[in-house]
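To keep things clear, I will list the structure first and then write my remarks on it.
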Amino acid sequence: MNSRLRELIQQLGEAIHESVIESEQIAGVVQDIRKHGFDVLLMLEATIGLNEVSSKESDEETEEGSEEAPFTQTDRDWLRSLRISVEGDYEEEEPEEGE
């Protein structure tokens with residue numbers, strides 16, 4: 001994945017975050033919940049899926065044998081820190097004892 005695409009994905013994550021924290025509707029509901037004596041912890045998860053659109057440019061890259069992975073480990077770690085999962089990047093979870 002090129003640096004411009006990484007930058008755009010980062011901007012998307014930031015835009016989602018900004019839209020949530022600036023939402024008057026969300027702020028109003030949170031305020032109502034607090035009036036009822038509860039503190040609110042809001043955690044959202046966003047999944048961003050990218051499908052490359054077929055074009056001459058992408059065909060040329062394929063012909064050149066570009067084998068670059070779509071995300072580096074650093075990319076995946078950063079996306080996880082934003083609670084964004086990457087398709088095909090699901091780690092197998094060990095079942096807890098007693099399950």
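All values below were derived from every heavy atom in this structure, side-chain atoms included, with hydrogens, water molecules and symmetry-related copies excluded.
Cluster membership check: V29 shares its hydrophobic cluster with F38, using side-chain heavy-atom separations under 4.5 Å among Ile, Leu, Val, Met, Phe, Trp and Tyr. Cluster annotation: L8 and L50 are assigned to distinct hydrophobic clusters (Ile/Leu/Val/Met/Phe/Trp/Tyr, side-chain heavy-atom contacts under 4.5 Å, transitive).
To the nearest 0.5 angstrom, L82 atom CG is 8.0 Å from E14 atom CD. Taking NZ of K35 as the reference point, atom CD1 of I33 lies at 12.0 Å (rounded to 0.5 Å). Separation of atoms CD (Q31) and NE2 (H36) is listed at 12.0 Å; rounding is to 0.5 Å.
For the pair L42/V30, no side-chain contact is recorded, criterion being any heavy-atom separation below 4.5 Å from C-beta on. A heavy-atom distance below 4.5 Å is not found between the side chains of I9 and I84.
V40 and R34 get closest at one heavy-atom pair: O-NH2, 4.2 Å.
The environment of E24 atom CD is sparse: at most 12 non-hydrogen atoms of other residues, nucleotides or ligands sit within 6.0 angstrom. Under a cut-off of 6.0 angstrom, the local environment of CD in Q11 is crowded, with over 12 non-hydrogen atoms contributed by other residues, nucleotides or ligands.
Between the side chain of S19 and the backbone N or O of I16, at least one donor-acceptor pair lies under 3.5 Å.
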